[in-house]
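By convention here, the first residue in the shown sequence is residue 1. Computed over heavy atoms, backbone and side chain alike; hydrogens, waters and symmetry mates excluded.
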Amino acid sequence: MQLIVPHMGDTARSTLASFSRGAVLSGHEGGIWCRFDAQSLILVHPERHGLLPFGLACPGGALPGRAETGTPVENDRGRGLLRCGGMVFDYGRAPAPRPVPPRVSPSRLAGRTEDAALRLARAYPVSFAAPWLRHWTALRDGAAPPPPFGSLWEQALWNAATTLLRTFLRAEEAGNAETPLPPMIGLGPGLTPLSDDILCSWMHTAHILAADPEGGNAARFARIAARSVPALCAGRTTPQSAACLRSAAAGEYFGMLGDLLAELDGAGAFPGAAAGRVMEIGHTSGSGFVLGMLLAVELLRIPAKGENPR
């Protein structure tokens, strides 16, 4: 039997050290979600998606097999072997790299969102992100949902995003450090709903920006999200999505999203290879990740308390 030696994230390592049995929660070509208890999940996924903190990243462009929902997952903790649907993952020999988040320039990024949105809309015209990207200025300025946003969940998600940006501005003016997050979890299509993908990337990007002294509102958003999001997940979204949200809220690093932010900050063409890898993820997830990154960068346009507008 072929042993597959994956790369392994730190959270996945901790989970596999704690449980001997689980079951497949869902499986598709993009990955297999294995659940061990209500909040302990790992994702077995192709290496092309980069290393996720809760993931086993397998070599090659696709997984070597499939596993149906309910398939038993056996974890031999002593030997470091995970068995699932006829596949055996030798995580005991798995490298556990610790990717370093990119160092980016908040002041440079702050002026790039509008052009980046237009470029992404042209490059991916039929994506779920395209209508948002084409109306980016209206979104940023808090306008009402434009005509393409006809469904209730689209309107609710648009309003939540604009409300959050406006709330941060009002909070800065009032000196309020306890900005609440509007209800934007569990909205939209997808195994991980589109709103959750947006919020996940928004938090992830904010944590990276928070490491810079110029991070301003992004740093404050990261702190508030870390306190609020885990509790907001309960009963509002899928277990898979909740796992992603909790990880991003804790500031864990997703390599593919870090590469996307570095590409936006860089001197090369945008969108490039990193954006392409993100946009191919799932049915709606890639679109949500791109939108969340741009929304986090928009927070840089709102001057933090005591600063002058840029």
Show the nearest heavy-atom pair for residues [X] and [Y], with the distance to one decimal.
X	Y	result
T15	F36	CG2-CD1, 3.8 Å
P148	E154	O-OE1, 3.8 Å
P102	A262	CB-CB, 3.9 Å
H45	G50	CE1-O, 2.8 Å
R83	R79	NH2-NH1, 3.8 Å
H204	E252	CD2-O, 3.4 Å

### Task
Evaluate side chain to side chain contact (heavy atoms under 4.5 Å, CB included) for L164 paired with F221, printing each intermediate quantity in order.
CA-CA 10 Å; L164 187 52; F221 175 80; 3.5 Å; yes

About how many Å separate [atom2] of [Y] and [atom1] of [X], when rounded to the nearest 0.5 Å?
X	Y	atom1	atom2	answer
H28	W33	NE2	CH2	8.5 Å
D10	F54	CG	CZ	13.0 Å
L120	S127	CG	OG	8.0 Å
S26	Q240	OG	CD	4.0 Å
S14	M8	OG	CE	10.0 Å
L16	L56	CG	CG	6.0 Å

Co-membership, hydrophobic cluster, residues [X] and [Y], 4.5 Å side-chain:
X	Y	answer
L51	I32	no
M203	L260	yes
L82	V5	no
F270	L109	yes

Sub-4.5 Å side-chain heavy-atom contact between [X] and [Y]:
X	Y	value
N75	F89	no
E298	L139	no
P271	R119	yes
Y91	R13	no
L257	T205	no
L294	L133	yes
L264	R112	yes

### Query
For A17, does its backbone N or O pair with a side-chain atom of R77 as donor and acceptor, under 3.5 Å?
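Side chain of R77 to backbone of A17: a pair is present.
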
### Query
Q155 side chain to G150 main-chain N or O, any donor-acceptor pair under 3.5 Å?
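Side chain of Q155 to backbone of G150, a donor-acceptor pair under 3.5 Å: yes, one is there.
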
Suppose we screen for side-chain contact (heavy atoms from CB on, under 4.5 Å). Which residues come up paired with [X], at least two apart in sequence or across chains?
X	result
P101	I208, Y253
T137	E114, R140, D141
H207	A222
D212	P106, E214

### Task
With sequence neighbours left out, write down each residue that passes ring pair (Phe, Tyr, Trp, His ring centres under 6.0 Å) with W132, or none if nothing qualifies.
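Only F149, W158 meet the ring pair (Phe, Tyr, Trp, His ring centres under 6.0 Å) criterion with W132.
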
Could you list the donor-acceptor pairs under 3.5 angstrom formed by side chains in residues 57-71, with sequence neighbours left out?
residue	atom	partner	partner atom	Å
T69	OG1	L25	O	3.4
T71	OG1	E68	N	3.3
T71	OG1	E68	O	2.7

### Message
The criterion is side chain to side chain donor-acceptor pair (under 3.5 Å); which residues satisfy it with T284, sequence neighbours excluded?
### Response
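Applying side chain to side chain donor-acceptor pair (under 3.5 Å) to T284 gives none.
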
### Task
Sort and list the pairs that fulfil side-chain hydrogen bond (donor to acceptor under 3.5 Å, both in side chains) and have at least one residue in residues 259-274, not counting sequence neighbours.
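For residues 259-274, and leaving out neighbouring residues, the side-chain hydrogen bond (donor to acceptor under 3.5 Å, both in side chains) pairs sorted by first residue read R108-D265.
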
### Derivation of the side chain to side chain contact (heavy atoms under 4.5 Å, CB included) call for D90 and I4
CA-CA 6 Å; D90 187 2; I4 303 155; over 6 Å; no

Which donor-acceptor pairs under 3.5 Å do side chains of residues 194-202 form with protein atoms, sequence neighbours excluded?
residue	atom	partner	partner atom	Å
S195	OG	M184	O	3.0
S195	OG	G186	N	3.2
S195	OG	L187	N	2.8
S195	OG	L187	O	3.2
D196	OD1	G186	N	2.7
D196	OD2	T237	OG1	2.4
D196	OD2	S241	OG	2.6
D197	OD1	T192	OG1	2.9
D197	OD2	T192	OG1	3.3
D197	OD2	S285	OG	3.1
S201	OG	F289	O	2.6
S201	OG	M293	N	3.2

### Message
M256 vs I281, test: side chain to side chain contact (heavy atoms under 4.5 Å, CB included). Steps then yes/no.
### Response
CA-CA 10 Å; M256 59 183 176; I281 297 171; 3.0 Å; yes

Can you sort out the partners of [X] under salt bridge (Lys or Arg N to Asp or Glu O under 4.0 Å), two or more places apart, ordered by chain and number?
X	result
R122	none
R134	none
R103	none

### Query
Considering the options I42, V24, V44, which one meets the side-chain contact (heavy atoms from CB on, under 4.5 Å) requirement together with V73?
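So, applying the side-chain contact (heavy atoms from CB on, under 4.5 Å) to V73 and each of I42, V24, V44, only V24 qualifies.
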
#### Entry: Audit row: S287, M279, side chain to side chain contact (heavy atoms under 4.5 Å, CB included) steps and yes/no
CA-CA 6 Å; S287 288; M279 287 298 291; 3.8 Å; yes

